[in-house]
Amino acid sequence: MDRERTFIAIKPDGVKRGLIGKVITRFEEKGYKIIAMKMLTPTKEIAAKHYEEHYGKPFYDGLVKYITSGPIVAMVVEGVNVVKGARHIMGVTQPDEADVGSIRADFGQIMKQNIVHGSDSVESAQREISIYFTPEEMNTGWKTVAEMLIDEE
Ligand code: UDP
Ligand code: MG
């Protein structure tokens, strides 16, 4: 079983709209394990590191301004193929193209304010996790019920 870690963040619009609980619930109900979580307002430096792949693109300045505009809830989430699975739960970037039932389809209207961030590969996840968390902040050494049941297979 391929257990991975991914970096998830509830963006400022999600926090301001009171959707923290709903977003976390989607990942918890899937059986994923949250092993680290914090609320912070990203600095420009953190935002630049997070979105370095988008540097120079037309939407980059607006994206950095937006992600630094208020608090986000940053999380490390663990599970079987969680990078892909979490992106599926989030829905595609553009909320009006996202599948109904996904976070972005159900809660968002415009691309910039699409509620949630999730890493797009295992490599991106490792890079993004290290921007927001230290290894000591990972709460390992306990098991979710989903994890126990999957381990029995
Ligand atoms: N974004 C935007 N305009 C665009 C493309 C992206 O405002 O034309 C924002 C949007 O909030 C998106 C983020 O930049 O979530 C990062 O873009 P990416 O292509 O990595 O999408 P994601 O991985 O978040 O689905
Ligand atoms: Mg992305």
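Along the sequence shown, the residues carry numbers beginning at 1.
Residue Lys44 places its NZ atom among 12 or fewer non-hydrogen atoms of other residues, nucleotides or ligands, all under 6.0 Å distant. Applying the 6.0 Å contact sphere to NZ of Lys65 captures no more than 12 heavy atoms from other residues, nucleotides or ligands. A 6.0 Å sphere centred on CD of Gln109 holds no more than 12 heavy atoms belonging to other residues, nucleotides or ligands.
For the pair Ala86 and Ile8, the tightest heavy-atom approach, listed with the atom from each and the gap, is CB-CD1, 3.8 Å. Closest approach of Pro12 and Gly70 over heavy atoms only: CG-O, 3.8 Å. Pairing each heavy atom of Ala125 with each of Thr6, the nearest pair is CB-CA, 3.8 Å. Arg87 and Gly118 get closest at one heavy-atom pair: NH1-O, 3.0 Å. Residues Asn114 and Tyr66 approach most closely at N-OH, 4.2 Å, considering heavy atoms. In plain terms, the two heavy atoms of Ile67 and Ala47 that are nearest each other are CG2-CB, 3.5 Å.
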**Request:** Would you check, one step at a time, whether the test salt bridge (charged side-chain N to carboxylate O under 4.0 Å, His left out) holds for Glu147 with Lys33?
**Result:** CA-CA 8 Å; Glu147 196 176 11; Lys33 180 182 185 182; 3.0 Å; yes

**Message:** Set out, in order, the CA-CA distance, both residues' side-chain angles and the distance that settles side-chain contact (heavy atoms from CB on, under 4.5 Å) for Tyr51 and His117, then state yes or no.
**Reply:** CA-CA 11 Å; Tyr51 285 121; His117 167 85; 3.8 Å; yes

**Request:** List the steps, then state whether side-chain contact (heavy atoms from CB on, under 4.5 Å) holds for Val64 with His54.
**Result:** CA-CA 10 Å; Val64 168; His54 296 307; over 6 Å; no

**Full working for side-chain contact (heavy atoms from CB on, under 4.5 Å) between Glu78 and Tyr32** = CA-CA 6 Å; Glu78 210 171 69; Tyr32 291 149; over 6 Å; no

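Summarising the geometry, atom CE belonging to Met37 is positioned 9.5 Å from atom CG belonging to Asn139; distances are rounded to the nearest 0.5 Å. For the atom pair OG1 of Thr144 and NZ of Lys30, the computed distance is 13.0 Å after rounding to the nearest 0.5 Å. Note that NZ of Lys112 is 10.5 Å distant from CG of Asp13, once rounded to the nearest 0.5 Å. To the nearest 0.5 Å, atom CD1 of residue Ile46 and atom OG1 of residue Thr41 are 9.5 Å apart. Going from atom CG of Leu19 over to atom NZ of Lys11 covers 13.5 Å, rounded to the nearest 0.5 Å. Rounding to the nearest 0.5 angstrom, the gap separating the CD1 atom in Ile103 from the CZ atom in Phe27 is 4.0 Å.
The cluster map of Ile, Leu, Val, Met, Phe, Trp and Tyr, joined by side-chain heavy atoms under 4.5 Å apart, puts Val92 and Val23 in different clusters. Side-chain heavy atoms closer than 4.5 Å link hydrophobic residues (I, L, V, M, F, W, Y) into clusters, and following such links, even through other members, never connects Met111 to Ile89. Under the 4.5 Å side-chain heavy-atom criterion for grouping Ile, Leu, Val, Met, Phe, Trp and Tyr, Val83 is not connected to Ile24 through any hydrophobic cluster. No chain of hydrophobic side-chain contacts below 4.5 Å, direct or via other Ile, Leu, Val, Met, Phe, Trp or Tyr residues, connects Val77 to Met138. Residues Phe7 and Met90 are members of separate hydrophobic clusters, defined by side-chain heavy-atom contacts under 4.5 angstrom among Ile, Leu, Val, Met, Phe, Trp and Tyr.
Of the charged side-chain nitrogens involved, at least one lies within less than 4.0 Å of a carboxylate oxygen, so that Arg3 and Asp151 count as a salt-bridged pair. Of the charged side-chain nitrogens involved, none lies within less than 4.0 Å of a carboxylate oxygen, so that Arg104 and Glu97 do not count as a salt-bridged pair.
Residues passing the salt bridge (Lys or Arg N to Asp or Glu O under 4.0 Å) test with Lys49, sequence neighbours excluded: none. Partners of Phe133 according to the ring-ring contact (aromatic ring centres under 6.0 Å, His included) rule, which considers only residues two or more places apart in sequence or in another chain, do not exist here.
Looking at Asp106, its side chain does come within 3.5 Å of a backbone N or O of Gly101 through a donor-acceptor pair. Looking at Glu29, its side chain never comes within 3.5 Å of a backbone N or O of Arg26 through a donor-acceptor pair. Here the side chain of Ser102 pairs no donor or acceptor atom with the backbone of Ala98 at under 3.5 angstrom.
Results of the side-chain hydrogen bond (donor to acceptor under 3.5 Å, both in side chains) test with Ser119 over Glu128, Arg5, Gln126, Glu4 single out Glu128 as the only residue that passes. A side-chain contact (heavy atoms from CB on, under 4.5 Å) with Met75 is found for one member of Ile129, Ile34, Ile35 and no other, namely Ile34.
By the 30° and 60° cut-offs, the orientation of the rings of His50 relative to Tyr132 is perpendicular.
Annotation: side chain of Thr68 is not in contact with side chain of Thr43 (no heavy-atom distance under 4.5 Å).
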